[in-house]
Amino acid sequence: MVDAMSTRIFIPRDVAALAVGADEVARAVAAQAAALGTAVTIVRTGSRGLFWLEPMVEVETPLGRIAYGPVQAGDVAALFTAGWLTGATHPLRVGRPEDHPFLARQTRLTFARCGIVDPLSVEDYKAAGGYRGLAKAIEVGGAATVEAVTKSGLRGRGGAGFPTGIKWKTVRDAISDQKYVVCNADEGDSGTFADRMILEGDPFCLIEGMTIAGLAVGATRGYIYSRSEYPHANATMRAALDIARAAGLLGRDILGSGLEFHLELRVGAGAYVCGEETALLESLEGKRGVVRAKPPLPALKGLFGRPTVVNNLLSLATIPVIMDLGAQYYADFGMGRSRGTMPIQLAGNVLHGGLFETAFGLTLGEIVMEVGGGTNSRRPVRAVQAGGPLGAYLPPSQFDTPYDYEAFAARDALIGHGGLVVFDDTVDMAHMARFAMEFCAEESCGKCTPCRIGSTRGAEVVDRILAGRDVAANIALLEDLCNTMKFGSLCALGGFTPYPVLSAVRHFPEDFHTRNSPGRPLPAAAE
Amino acid sequence: MPILHALQETFGHVPEDAVPLLADALNLSRADVHGIVSFYHDFREAPAGRHVVKLCRAEACQSMGGHALAEGLLRRLGLDWGGTTGDGQVTIEPVYCLGLCACAPAALIDGRPLGRLNRERLDAAVNEARNDWSTP
Ligand SMILES: Cc1cc2nc3c(=O)[nH]c(=O)nc-3n(C[C@H](O)[C@H](O)[C@H](O)COP(=O)(O)O)c2cc1C
Ligand code: SF4
Ligand code: FES
């Protein structure tokens with residue numbers, strides 16, 4: 001199909017690339033090649049995760065793949081004229097992607113293939129190491145697989161950081177006629193997009209990871225719970241599932257091993273709380289996404305009351321590489337009790353935003369300032385929200401914090417799902433505190449009063465502070481409310497909303513105490 | 001849920017008349033079905049405009065001026081969140097993160113993703129949708 005004279009051109013179809021013109025670029029490349037009578041084969045890939053360079057186009061040349069970016073449709077003719085098919089220079093030339101400092105500094109294990117392969121090609125996937133992990137798991141069996149996952153030190157990438165191997169062992173040891181594996185792909189945290197990138201850029205990796213989980217715990221059925229905000233990712237995942245079924249990679253007798261695993265995609269309907277594992281299970285059962293009290297643990301009584309592994313997508317997509325390269329290989333990366341690598345997502349007002357997978361242990365400052373290059377606006381960084389809407393805002397004075405679960409926890413901060421949202425000095429932290437309360441009120445499942453009512457009250461209290469009324473008393477009231485929410489909430493939505501709020505009050509008091517006074521240092525650009 | 005998604009896809013909302021039918025088919029009470037429809041932000045109980053603009057309100061988009069961008073658009077159209085223009089063409093809905101946070105501010109217009117938005121790009125995209133009288 002690909003004739004020898006045809007140059008392969010890789011253009012992402014990751015939704016973030018589409019959002020900045022990748023389809024228009026692909027059309028322009030096809031049209032220009034036709035006009036020139038040059039044979040090119042366009043391959044649509046996921047994203048490498050250098051989003052400030054998207055659309056980033058890679059041309060297969062004798063020098064290897066050479067990237068150009070950010071390419072707009074209007075640049076295409078000039079790129080052909082400059083000779084990009086042989087990797088020629090041009091102002092947009094990035095060079096070999098793997099030599100780019102942003103990628104060269106990474107350790108890509110979970111994201112080894114993303115942005116490189118055709119996401120819907122099983123051949124590509126296998127050629128790039130796919131299905132070696134499952135073969136290994138089949139060879140060593142379920143018990144040894146659980147053992148390997150435990151030894152790897154992998155902790156859940158969805159937020160709580162619970163050891164994956166221990167969860168699997170609980171499900172494996174449970175006795176039931178039916179068990180399930182559920183992938184939590186309800187990636188609702190602002191500033192995160194790693195799950196989405198795998199769904200779009202390397203879906204077979206998730207399918208393989210979930211199949212291994214099924215084998216390890218004795219589950220023959222799995223569900224991927226994704227979100228309606230990700231229509232492109234869901235379409236790619238659906239197509240990948242069809243391909244996997246047709247190729248015998250899902251179903252009754254996988255790879256001729258006798259292993260049975262069926263996998264389906266389900267899509268939520270715009271409720272952040274459905275990312276909480278028990279609300280997610282309720283939603284999968286077709287009900288309102290209300291949080292269940294624990295115990296019983298989902299590992300023992302999960303979907304339809306059966307033992308269920310619920311793991312974040314990244315946890316599951318990391319299983320194949322652990323099985324393939326070995327638990328020790330994975331565990332050798334990282335620091336302390338944070339083993340392996342974390343796909344960090346740099347977002348918001350940052351110069352080099354994107355996916356940065358690295359061993360735990362870099363400091364927050366290294367990640368934001370060196371890797372991220374500081375703000376996109378070129379103004380000073382004022383705050384970084386780590387770990388999504390339930391995570392604390394950290395000031396630059398805490399940039400020495402190592403990226404590690406325990407070090408973050410010691411500063412009341414969250415690794416969570418790996419998101420880092422950067423803000424410059426125009427941010428109004430009282431406004432952000434109000435937003436956190438408003439978000440909690442909006443998304444509360446309604447079960448606990450402190451979460452449902454407390455958050456609405458909290459937003460009102462911040463409004464009074466914003467209006468400069470009884471500021472000191474209202475700040476005390478806000479702190480009280482936060483305490484009530486922290487200790488009176490069933491899940492982390494109500495329980496953790498106090499972290500962004502209190503961190504804003506603690507680290508940026510000037511935004512609260514000096515409302516409406518002439519000495520206030522900076523106007524609120526966000527208003 | 002897959003049924004509700006299908007209804008919304010076909011009709012643009014979950015029609016009132018569908019509730020008793022669904023309740024019967026699924027062996028639930030009408031109140032149960034109502035409860036489910038109202039719990040999820042996605043499901044509309046009334047039709048939306050011909051074109052739906054989902055603007056991201058979450059933190060990463062705010063860090064890049066998303067708040068002012070959204071307020072500005074709503075003001076120019078004379079709408080609140082969830083409102084539809086008088087000609088029935090455009091509905092503006094809030095969304096909390098589209099996973100485009102490294103290309104903020106972001107929006108989804110009739111399913112088409114847009115990133116690195118500023119006032120000009122957003123207005124152009126909304127106008128393009130608005131002037132396109134065919135159904136999306
Ligand atoms: C309000 C709320 C939202 C959550 N959202 C997500 C989410 O979007 N994705 C996710 O994997 N975990 C989310 N979690 C955490 C899950 O409850 C659960 O810990 C996780 O899916 C377990 O998988 P892991 O062990 O692989 O991390 C959320 C928790 C809460 C309280
Ligand atoms: S804390 Fe909030 S979201 Fe969590 S269970 Fe309670 S009411 Fe529901
Ligand atoms: S915060 Fe707007 S796309 Fe993620």
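Chain naming here is simple, since letters A, B, ... match the order of the sequence lines and numbering starts at 1 in each.
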Ranking A:Ala16, A:Ala269, A:Gly353 by heavy-atom pairs under 4.5 Å to chain B gives rank one to A:Ala269

Next item on the list: Report, as yes or no, whether the 6.0 Å neighbourhood of atom CZ on B:Arg76 holds more than 12 heavy atoms from other residues, nucleotides or ligands.
Entry: yes

So, the part of B:Leu108 with a heavy atom under 4.5 Å from chain A: the answer is side chain

If one checks every heavy atom of A:Asp189 against chain B at 4.5 Å, the contacting part turns out to be backbone

Of B:Arg121, B:Gln8, B:Met1, B:Arg112, the largest count of non-hydrogen pairs under 4.5 angstrom with chain A goes to B:Met1

Note: B:Ser38 and A:Arg288 closest approach over all heavy atoms is OG-NH1, 4.3 Å

Between B:His5 and A:Ser228 the two heavy atoms that sit nearest each other are CE1-CB, 4.3 Å

Under 4.5 Å to a heavy atom of chain B? For A:Leu18 that would be both

Correct closest heavy-atom pair for B:Phe39 and A:Cys274 would be CE2-SG, 4.4 Å

### Task
Examine distances only and state if a side-chain atom of A:Ser190 and a backbone atom of B:Ala60 form a donor-acceptor pair shorter than 3.5 Å.
yes

Bottom line for A:His232: the part with an atom under 4.5 Å from chain B's heavy atoms is side chain

Closest heavy-atom pair, B:Ile36 versus A:Gly286, reported as atoms and distance to 0.1 Å, is CD1-O, 3.3 Å

Between B:Cys103 and A:Phe51, the two heavy atoms sitting closest are SG-CB, 4.1 Å

Under 4.5 Å to a heavy atom of chain B? For A:Glu438 that would be side chain

Those residues at least two apart in sequence (or on a different chain) that pass side-chain hydrogen bond (donor to acceptor under 3.5 Å, both in side chains) with A:Thr497 are none

Looking only at A:Ala271, A:Ser283, A:Pro231, most heavy-atom pairs under 4.5 Å shared with chain B are made by A:Ser283

Using a 6.0 Å cut-off, check whether atom CZ of B:Arg75 has over 12 heavy atoms from anything other than its own residue. no

- Are the side chain of B:Arg116 and the backbone of A:Val20 linked by a donor-acceptor contact shorter than 3.5 Å? no

Next on the checklist: Between the side chains of A:Glu442 and B:Arg57, is the shortest nitrogen-to-carboxylate-oxygen separation below 4.0 Å, so that they form an ion pair?
Outcome noted: no

Rounded to the nearest 0.5 angstrom, the CG-CD distance for B:Asp42 and A:Glu229 is 6.0 Å

Residue set satisfying side-chain hydrogen bond (donor to acceptor under 3.5 Å, both in side chains) with B:Tyr96, at least two apart, ordered chain then number -> none

One option among A:Gly388, A:Pro389, A:Gly354, A:Ala436 has the most heavy-atom pairs under 4.5 Å with chain B, and it is A:Pro389

One option among A:Arg227, A:Arg266, A:Gln345 has the most heavy-atom pairs under 4.5 Å with chain B, and it is A:Arg227

Counting heavy-atom pairs under 4.5 Å with chain A, the top scorer among B:Leu69, B:Leu117, B:Leu114, B:Leu26 is B:Leu114

So, the part of A:Glu187 with a heavy atom under 4.5 Å from chain B: the answer is neither

message: B:Glu59 vs A:Tyr393, test: side-chain contact (heavy atoms from CB on, under 4.5 Å). Steps then yes/no.
response: CA-CA 11 Å; B:Glu59 291 92 335; A:Tyr393 287 97; 3.8 Å; yes

For A:Gly191 and B:Cys97, the nearest pair of non-hydrogen atoms, with its separation, is N-SG, 4.2 Å

Ranked by heavy-atom pairs below 4.5 Å to chain B, first place among A:Phe435, A:Phe193, A:Tyr272, A:Phe439 goes to A:Phe435

Got a sec: does the CD1 of B:Ile3 have more than 12 other heavy atoms crowding it under 6.0 Å? no

Using modelled atom types and a 3.5 Å cut-off, is there a donor and acceptor pairing between side-chain atoms of B:His41 and backbone atoms of A:Glu443? no

The interface call for A:Val422 against chain B, heavy-atom contacts under 4.5 Å, is backbone

Looking only at A:Gly188, A:Gly49, A:Ser377, A:Gly289, the option with the highest number of non-hydrogen pairs under 4.5 Å against chain B is A:Gly289

